[in-house]
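Following: one structure in structure tokens, then a few remarks.
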Amino acid sequence: MNDFTTLTDRLEKLAAHLVTGTVLLFLATGTAAYGDFDDPFDRAGLDSQQQRGAYLTRAGNCMGCHTARGGQPFAGGRRLTTAFGVFVTPNITPDEETGIGNWTEADFWQALHEGKSPDGQLLYPAFPYTEYTKVTRQDANAIFAYLQSLPVIRQTNPPHAIRFPYNFRPLLHIWRALYFTPGEYVPDSSKTTQWNRGAYLVQGLGHCNACHTNRSLLGGADNELAGGQIMGMNWYAPSLTSHLEAGSSDWTIDEIVALLSIGITDRAVASGPMATIIRQSLQHLSKEDLRAMAEYLQSISDSKSDYAAASAAPAPISAYSSLMHGEQLYQTHCQDCHGVSGEGVPGIYPPLAGNRGVVMTSPLNTIRSILEGGYPATTKGNPRPYGMPPFQQILHDYEIANLVSYIRNAWGNSADRVTVYDVEQSRRIGVE
């Protein structure tokens with residue numbers, strides 16, 4: 001009887017997983033779909049400059065921000081919720097009334113390079129001109145030429161809804177004085193051509209710093225590429241310089257390229273917003289550009305030898321019961337895919353033992369993955385990725401806290417325990 005009851009419980013949970021997994025797949029598909037339209041990156045009929053611009057536009061993932069869910073590509077309307085209020089992305093199709101049809105090359109360059117609209121109005125740095133300023137004039141002109149070749153879409157988007165006092169635009173003069181220095185990327189003569197190309201893409205067009213950097217109360221970057229919570233999103237973009245997070249000094253160039261272009265390797269899986277970036281943008285870059293980015297990223301990372309053996313303080317005796325509960329939850333919900341010892345399945349289910357993403361100081365991404373589930377990036381190299389169902393309707397917050405605490409301290413892992421408060425905070429979703 002007990003065996004039958006256990007089997008029934010497991011079947012009910014499996015059914016719940018299948019239902020929620022199907023819902024998640026539907027939502028993910030809806031998020032990725034932008035209405036019924038032809039591929040905006042189809043280069044047939046474009047001249048050479050426009051073709052180059054199409055490539056650069058995809059490298060900068062411009063469509064990702066300037067397209068609302070279910071909307072027309074590049075017509076704007078996506079709402080970005082931040083601590084300063086809601087920003088609504090503009091229409092950048094060549095419509096003369098609601099888009100940038102009346103802009104000139106100089107106007108577009110001014111927006112990217114100086115963060116100013118054609119009439120000289122200062123733009124909010126939710127548009128990452130702090131990084132785009134490094135884009136060359138030649139590349140900016142190519143991007144503009146491509147955007148001007150797009151179908152005209154007349155779409156008036158609502159205004160920003162920014163909180164006081166941030167809606168007082170003159171304050172942007174102070175912000176810019178503190179945090180913005182315009183200027184194209186200047187190659188480092190001591191480095192190779194490939195390294196400089198990678199630095200240009202990471203620092204400029206790829207605007208990696210926009211996510212992978214901690215922000216001050218005023219939204220300024222504190223330490224470039226050193227990791228931080230993504231503004232307006234409950235995900236943590238790990239440090240690209242620290243070996244304890246996503247630093248890649250001990251990775252090969254081929255391994256870094258594989259993660260950037262496929263989204264999953266034997267050592268790591270890109271999830272959350274990064275999976276979207278890989279799907280929409282990075283997988284479409286040339287092998288030469290991917291290798292250039294990999295060389296640069298490898299060079300800015302510290303090494304394992306730069307750290308003394310680091311480990312979290314042993315859990316107090318009072319914590320053992322919660323860790324034992326977490327172990328039971330792991331055996332019930334996670335073990336079938338991630339293994340008895342957290343070893344995972346290479347190329348399918350990521351390992352949890354020795355996983356840097358699991359033991360980072362911030363447990364945010366692990367919590368979000370359990371809450372929301374999800375899939376690695378759908379790419380040409382991994383067209384049918386294995387997914388993980390969401391557990392936010394199955395597990396209570398205290399159960400998720402115990403489960404994550406166990407994962408962070410099992411199989412040789414060592415990290416601080418997670419609290420119910422951490423899980424409650426992680427449930428807040430800040431972007432549409």
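One-based numbering along the sequence shown.
Looking only at distances, no side-chain donor or acceptor of Arg215 sits under 3.5 Å from a matching main-chain atom of Gly228. Put simply, the side chain of Glu343 gets close to the backbone of Ser341: a donor and an acceptor are under 3.5 Å apart. Side-chain N or O atoms of Thr98 include one that pairs as donor or acceptor with a backbone N or O of Gln155 at under 3.5 Å. Ser405 contributes no side-chain N or O that, together with a main-chain N or O of Arg417, makes up a donor-acceptor pair within less than 3.5 Å. Between the side chain of Asn409 and the main chain of Ser414, no donor-acceptor pair closer than 3.5 Å is present. The backbone N or O of Ala268 sits nowhere less than 3.5 Å from a side-chain atom of Arg356 that would complete a donor-acceptor pair. Put simply, the side chain of His284 never gets that close to the backbone of Tyr55: no donor and acceptor are under 3.5 Å apart. Between the side chain of Arg58 and the main chain of Met63, no donor-acceptor pair closer than 3.5 Å is present. Under the 3.5 Å distance criterion, the side-chain polar atoms of Thr133 are left unmatched by any main-chain donor or acceptor of Glu114. Thr378 contributes no side-chain N or O that, together with a main-chain N or O of Pro383, makes up a donor-acceptor pair within less than 3.5 Å.
No side-chain heavy atom of Ser362 sits less than 4.5 Å from a side-chain heavy atom of Gln229. Looking at heavy atoms from C-beta onward, Phe127 lies in side-chain contact with Leu112 at the 4.5 angstrom threshold. Annotation: side chain of Arg279 is not in contact with side chain of Tyr375 (no heavy-atom distance under 4.5 Å). Between Arg427 and Ile400, the closest side-chain pair of non-hydrogen atoms falls below 4.5 Å. Looking at Ile264 and Pro385, their side chains never come closer than 4.5 Å, going by heavy atoms from C-beta outward. Counting heavy atoms from C-beta on, the side chains of Phe180 and Pro125 never come closer than 4.5 Å. Here the side chains of Asp95 and Ile153 are not in contact, with every heavy-atom distance at 4.5 Å or above. Side chains of Tyr200 and Asn196 form no contact here, defined as non-hydrogen atoms less than 4.5 Å apart.
Here the CZ-CE distance, from Arg197 to Met293, works out to 10.0 Å after rounding to the nearest 0.5 Å. Here the straight-line distance linking atom CZ of Phe144 with atom CD of Gln50 works out to 11.0 Å at 0.5 Å rounding. A distance of 6.0 Å separates CG in Leu240 from CD1 in Ile300, rounded to the nearest 0.5 Å. Here the CG-NE2 distance, from Leu352 to His338, works out to 5.0 Å after rounding to the nearest 0.5 Å. Of the inter-residue distances, the one linking Asp302 atom CG with Glu245 atom CD reads 10.0 Å to the nearest 0.5 angstrom. For the atom pair His212 NE2 and Tyr236 OH, the distance stands at 10.0 Å (nearest 0.5 Å).
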Please report the C-alpha distance between Lys380 and Gln283 in whole Å, then the side-chain angles of each, then the deciding distance to 0.1 Å, and finally whether the side-chain contact (heavy atoms from CB on, under 4.5 Å) criterion is met. CA-CA 8 Å; Lys380 289 177 289 186; Gln283 70 161 320; 3.9 Å; yes
Assess the residue pair Asn214 and Asn223 against the criterion (side-chain contact (heavy atoms from CB on, under 4.5 Å)); give the C-alpha distance rounded to whole Å, side-chain angles, the decisive distance to 0.1 Å, and a yes or no. CA-CA 7 Å; Asn214 191 43; Asn223 193 355; over 6 Å; no
Between Gln280 and Thr67, is the side-chain contact (heavy atoms from CB on, under 4.5 Å) condition met? List the steps. CA-CA 12 Å; Gln280 293 179 342; Thr67 307; over 6 Å; no
Between Phe391 and Leu329, is the side-chain contact (heavy atoms from CB on, under 4.5 Å) condition met? List the steps. CA-CA 11 Å; Phe391 288 88; Leu329 291 167; over 6 Å; no
Please test Thr252 against Asp254 for side chain to side chain donor-acceptor pair (under 3.5 Å), starting from the C-alpha separation and ending with a verdict. CA-CA 5 Å; Thr252 67; Asp254 287 339; 5.3 Å; no
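Applying the ring-ring contact (aromatic ring centres under 6.0 Å, His included) criterion to His160, with sequence neighbours excluded, gives Phe87. A search for ring-ring contact (aromatic ring centres under 6.0 Å, His included) contacts involving Tyr349 returns Tyr386, not counting sequence neighbours.
Just one residue in the list Asn365, Ile407, Val404 forms a side chain to side chain contact (heavy atoms under 4.5 Å, CB included) with Val358, and that residue is Ile407. Considering Asn61, Asp139, Ile143 in turn, Ile143 is the only one that fulfils the side chain to side chain contact (heavy atoms under 4.5 Å, CB included) rule with Leu205. With Ile256 as the partner, the side chain to side chain contact (heavy atoms under 4.5 Å, CB included) test is satisfied by one option alone out of Arg267, Glu295, Gln298: Gln298. Applying side-chain hydrogen bond (donor to acceptor under 3.5 Å, both in side chains) to Tyr296 and the options Arg291, Lys191, Gln203 leaves one that passes, Gln203.
Using bins of under 30°, 30° to 60° and over 60° for the plane-to-plane angle, the ring pair Tyr406/Tyr330 lands in the tilted bin. Ring orientation note: the planes of Phe74 and Phe41 are nearly perpendicular, at an angle over 60° on the 30°/60° scale. Using a 30° and 60° split on the angle between ring planes, Tyr179 and Trp175 fall in the tilted class, from 30° to 60°.
Ion pairing of Arg154 with Glu97 is present here, as a side-chain N (NZ or NE/NH1/NH2) and a carboxylate O approach within less than 4.0 Å.
For the residue pair Ile370 and Met388, the shortest heavy atom distance occurs at CA-CE, 3.8 Å. Of all the heavy atoms in Gly263 and Pro376, the pair that sits closest is O-CB, 4.5 Å. Scanning both residues, Val340 and Trp411, for their nearest heavy atoms gives O-NE1, 3.5 Å. The shortest heavy-atom contact between Thr265 and Ala258 is CG2-CB, 3.8 Å. Between Pro350 and Val269, the closest heavy-atom pair is CB-CG2, 3.6 Å. The shortest heavy-atom contact between Val88 and Gly77 is CG1-CA, 3.8 Å.
For the residue pair Asn91/Thr93, the side-chain donor-acceptor check at 3.5 Å is satisfied. Of the N and O atoms on the side chains of Thr419 and Asp422, at least one donor lies less than 3.5 Å from an acceptor on the other residue. Using modelled atom types, one finds a donor on one side chain and an acceptor on the other under 3.5 Å when comparing Thr104 with Asp107.
Annotation: Glu224, atom CD; neighbour count of heavy atoms from other residues, nucleotides and ligands within 6.0 Å does not exceed 12.
Annotation: Tyr124 is not in aromatic contact with Tyr166 [ring centroid separation under 6.0 Å not met].
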